[in-house]
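As structure tokens, the structure follows; a few thoughts come after it.
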Amino acid sequence: MSPTTWVSIDSRSPHEGVVGGDARIGSWRDEVGKHHVGKVYFTFDLARFVGTQVFTASIRTPELAANDCAKPRATELWVVEPSGAITWADQPREVARVAGPEVTDECVTPWLGWNVLDVVKRSVAEGRSSLTVAVRVSEELQGDVAYGRTHSGSAVLDTTFNTPPGTPTGLRLDHVACTGEPVVLADAWQRVSAQVNDADGLYGLQGRLAYWPVDAPERRVEVLTSAGGGRLSGSFPTGMIQDGGTYAFAARTEDGFANSEWSAPCVFTADLVAPTKAPTVTSTVYRENGGPPGDGGEGLAGDFTFSADGDQDVVAFEYTGIGIVGGRVDADQPGGSATVTVTPTTDGSVSIQVYGIDRAGHWSPVRTYRYWVRTTAPYAERPLFELGVPRDVLLTANQDGATTFVYRLDGGAEQTVPVGPDGTGRVTLVFSEPGQANRTFTVWTVDAAGVKSGINDASFYVDQAWPWVDVDVWDGLVGQKRVFTVTTDRAGVVSYVYRIGDNPEVSVPAAPDGSLTFEHTPMVPGATDVLVASVNGAGVRSGWGETSFIAEAPEPTVTSADYPGYPARGGPGVTGTFTFSSPRLPVVSYRYAFGGEAEQEVVAGADGTASVRWTPKKPGYHWVRVSGVTAAGVVTDERSFTFWVEALPPTVTSPQFPADGPSTARPGQPVEFTVTPAVPGSHEVLWRISFNTTQVVPVGPDGKATFTYTPLGSFQLTVSSRTPEGVESGEVTRTYSVQPA
């Protein structure tokens, strides 16, 4: 711990304290020979140690220099009582000298220290919030310059101490927080936990959990456990928890030096047995086991009363069923009853299932109450609709006192029709535009009081009169004519509208028999959708009849006798001829590009073929991409033709490595190599040893290049050649063995 404040005092400045710089103690002379005497005071905060166990405490005042190392150290540490600003003229009272310092043979040491354990413990016990000490030279020697010393202002109070851990909080029974409210649990194996806290941190912290029956505290069991994750966790001893008993647990924290107080106990009652009787159910609206036509109705609320029949375990009821919103309701008292209002959303034979619930959450056996809900939704007689032809939907009410039919078409706005004296109504619908074939029709009734009946979610079908569309040819070439034939069984058709792809609609008259034939020649490759609708004499259009066709622009073929593909042929600098043809689709030219080169175009001959010559600049894998162009400007699919170019590496000879004799190469002696390129026009040879930097040597007038290499042992040589135009021969690699001399 660093000091909160420190100050140096100097006899030459009796009314000033100096903060900062070095701290000089004892005597010294300045640059003009004047005599000084100094002391230094350090103040440390003790608030952190209140309520703790302090084990060790020492103050260290690092030394920086001594005036005379031949003189023994005469440094002293005094506890002082400051009463205001510290100066030479107003020095605090020195209360007690601290024994020490600890002896060291070094003239100057950064580890000069005093044991202040008793001082710190006494100061904390006396309620002091800080400790101030003086570092000085002994009284009898402080005027002798030879004994003066310089200290750092970075004094340190080193301590070891322990803060007693806090009392555990956040006690829980499984996932139930202990709040002091009554708790009833249903499990004989009960897990518990508690949150621990310690100002010194959680590492290595432990705790103790205690379990006991409330009416038998002598059976208390305590278990020591670790505080992993900041919580103590455990479970009640097996067999301790019995049905109907009341139990408690508590927790305390232990850090190995001190223990916290025990927490307040967490108390609960065990209920291990579920209710044995199913509840009874009654209703004044919906009779049990009723039959058709039923009671109440869809959307009509009814009361249901649940009773525990005096079973004191039951404190609530849970209910569910088809066509109702289930829920939970408390009994008016333990073993009592509860009444809920349920509104059925469906008709016919339905049921409600009811369970009694005790305080621990156990469910009783189920009680199933069956009843019949009268149908109140109106009936809708739905005709078959045709586009443009009005049809009536006949409605019949089933709700008592119904005054109005309310309906929605396809989820739109509500429309109303009065209920006639005979309980019926009529809705006239006409669909003049094609659209979805399946339509929704939702209808219900209301009475004079605004009570809503059940809902009839009906649907009906509107015939879209789609025509049939056939195409000849379905899968053909770009530029190939297609013939479309359209037929329909719709009466009164006078014309058709068709649309090909994204083109505008075209309107044409129908043939006398109501059919249609039209043609189309696609000039764009790909798949195209075709839509056709008929129009009758009233101008009502049918739904779309659909078909599609595919127009292909097949890729050209590529052949080459010089470079047929694989295996490799030719070589770098060897020109090859490539022939393009389009056997399926007539073309007038070809666009092509070799490798990453720019695209070029060549005109096709009268037979539809074209040839180009191309010279590779390096061996290995190559490709050419080719597409044809028709007279109408249609570009065919692209063909990628791949081929391999054979390497033409140079030959390499060396007098030190003769082909028909033993090697004469030795470590440290130059080896001469002669390279003869195989690619005509090569002007330089490239060579490297293993993965080292590539070297370049020119080819001489004799068509050869020479170079030397001085090996230290066996080595690997890689050689190639290159022309001024950048044609690369490909590499040859050889390994040479060099024997020691």
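Owing to the predicted nature of the structure, the values given are computational and were not obtained by experimental measurement. Each residue takes its place number in the sequence, starting with 1.
- Of the possible polar contacts, one joining the His683 side chain to the Arg722 backbone as a donor-acceptor pair under 3.5 Å is found.
- Side-chain atoms of Asp198 do not come within 3.5 Å of backbone N or O of Leu202 as any donor-acceptor pair.
- Note on Glu222 versus Arg252: no salt bridge recorded, every NZ/NE/NH1/NH2 to OD/OE distance being 4.0 Å or above.
- Remark: the backbone N or O of Val738 is paired with a side-chain donor or acceptor of Ser714 at under 3.5 angstrom.
- Cation-pi check for Arg220 over Trp262 is met; the charged atom lies under 6.0 angstrom from the ring centroid and within 45 degrees of its normal.
- Contact record, Val671 with Ala665: CG2-CB, 3.9 Å, taken as the closest heavy-atom pair.
- Ion pairing between a basic and an acidic side chain is recognised when a charged N comes within 4.0 Å of a carboxylate O; Arg208 and Glu254 show such pairing.
- Not less than 6.0 angstrom separates the ring centroid of Phe249 from the ring centroid of Phe268.
- The side-chain heavy atoms of Val98 and Val133, taken from C-beta on, include no pair separated by under 4.5 Å.
- Under the 3.5 Å distance criterion, the side-chain polar atoms of Arg172 are matched with a main-chain donor or acceptor of His175.
- Of all the heavy atoms in Pro619 and Ala647, the pair that sits closest is CB-CA, 3.6 Å.
- Partner of Trp687 under the side chain to side chain contact (heavy atoms under 4.5 Å, CB included) criterion, chosen from Thr694, Val696, Val697: Val697.
- The closest side-chain heavy-atom distance from Tyr247 to Ile241 is below 4.5 Å.
- Atom CH2 of Trp114 and atom CZ of Arg97 lie 9.5 Å apart (nearest 0.5 Å).
- Using a distance-only test at 3.5 Å, with no hydrogens or angles considered, no donor-acceptor pair links the side chain of Ser721 to the main chain of Val685.
- Partner of Asp10 under the side-chain hydrogen bond (donor to acceptor under 3.5 Å, both in side chains) criterion, chosen from Arg24, Lys39, His36: His36.
- Under 3.5 Å, the side chains of Glu725 and Thr723 contain a donor-acceptor pair of N or O atoms.
- Residue Arg359 places its CZ atom among 12 or fewer non-hydrogen atoms of other residues, nucleotides or ligands, all under 6.0 Å distant.
- Between Phe161 and Phe49, the ring centre distance stays below 6.0 Å.
- Counting heavy atoms from C-beta outward, Val315 and Asp330 have side chains that stay 4.5 Å or more apart.
- Between Val732 and Val652 there is a side-chain heavy-atom pair separated by less than 4.5 Å.
- In this structure, the separation between CG on Leu77 and OG1 on Thr61 is 7.0 Å, given to the nearest 0.5 Å.
- The existence of a salt bridge linking Arg149 and Glu63 is confirmed by a sub-4.0 Å separation between a basic side-chain nitrogen and an acidic carboxylate oxygen.
- Taking the six-membered ring for Trp and the full ring otherwise, the centers of Tyr736 and Tyr709 sit at least 6.0 Å from each other.
- Looking at Gln739 and Ser737, their side chains do bring a donor and an acceptor atom within 3.5 Å of each other.
- Side-chain contact check for Val183 versus Val267: every heavy-atom pair is 4.5 Å or farther apart.
- When atom types are taken as modelled, the side chain of Arg93 and the backbone of Val80 share no donor-acceptor pair closer than 3.5 angstrom.
- Between the side chain of Ser260 and the backbone N or O of Thr253, at least one donor-acceptor pair lies under 3.5 Å.
- Side-chain contact between Pro667 and Pro711 is absent, with no heavy-atom pair separated by less than 4.5 Å.
- Closest approach of Leu717 and Ile689 over heavy atoms only: CD1-CD1, 3.8 Å.
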Practice task
For Asp200 and Thr163, run side chain to side chain donor-acceptor pair (under 3.5 Å): C-alpha distance rounded to whole Å, both residues' side-chain angles, the deciding distance at 0.1 Å, then the answer.
Solution key: CA-CA 6 Å; Asp200 296 334; Thr163 306; 3.0 Å; yes
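- Side-chain contact check for Thr56 and Thr160: at least one donor-acceptor pair (N or O, by modelled atom type) lies under 3.5 Å.
- Contact check on Arg136 versus Glu139 returns a salt bridge, with a Lys/Arg side-chain nitrogen under 4.0 Å from an Asp/Glu carboxylate oxygen.
- Counting all heavy atoms, side chain and backbone alike, Ser226 lies closest to Leu232 at O-CD2, 3.8 Å.
- No side-chain heavy atom of His15 sits less than 4.5 Å from a side-chain heavy atom of Trp88.
- Side chain of Asn67 to backbone of Val145: a donor-acceptor contact under 3.5 angstrom is found.
- Interatomic distance, Ser235 OG to Leu173 CG, rounded to the nearest 0.5 Å: 12.0 Å.
- A donor-acceptor contact shorter than 3.5 Å is absent between the side chain of Asp45 and the backbone of Ser130.
- In this structure, Ser263 contributes its side chain and Ala251 its backbone to a donor-acceptor pair below 3.5 Å.
- Note: Phe42 CZ to Ile59 CD1 = 9.0 Å, rounded to the nearest 0.5 Å.
- Between atom OG of residue Ser27 and atom CG of residue Asp144 there is a gap of 7.0 Å, rounded to the nearest 0.5 Å.
- Between atom CG of residue Leu272 and atom CG of residue Asp187 there is a gap of 8.0 Å, rounded to the nearest 0.5 Å.
- The shortest distance between side-chain heavy atoms of Met240 and Pro213 falls below 4.5 Å.
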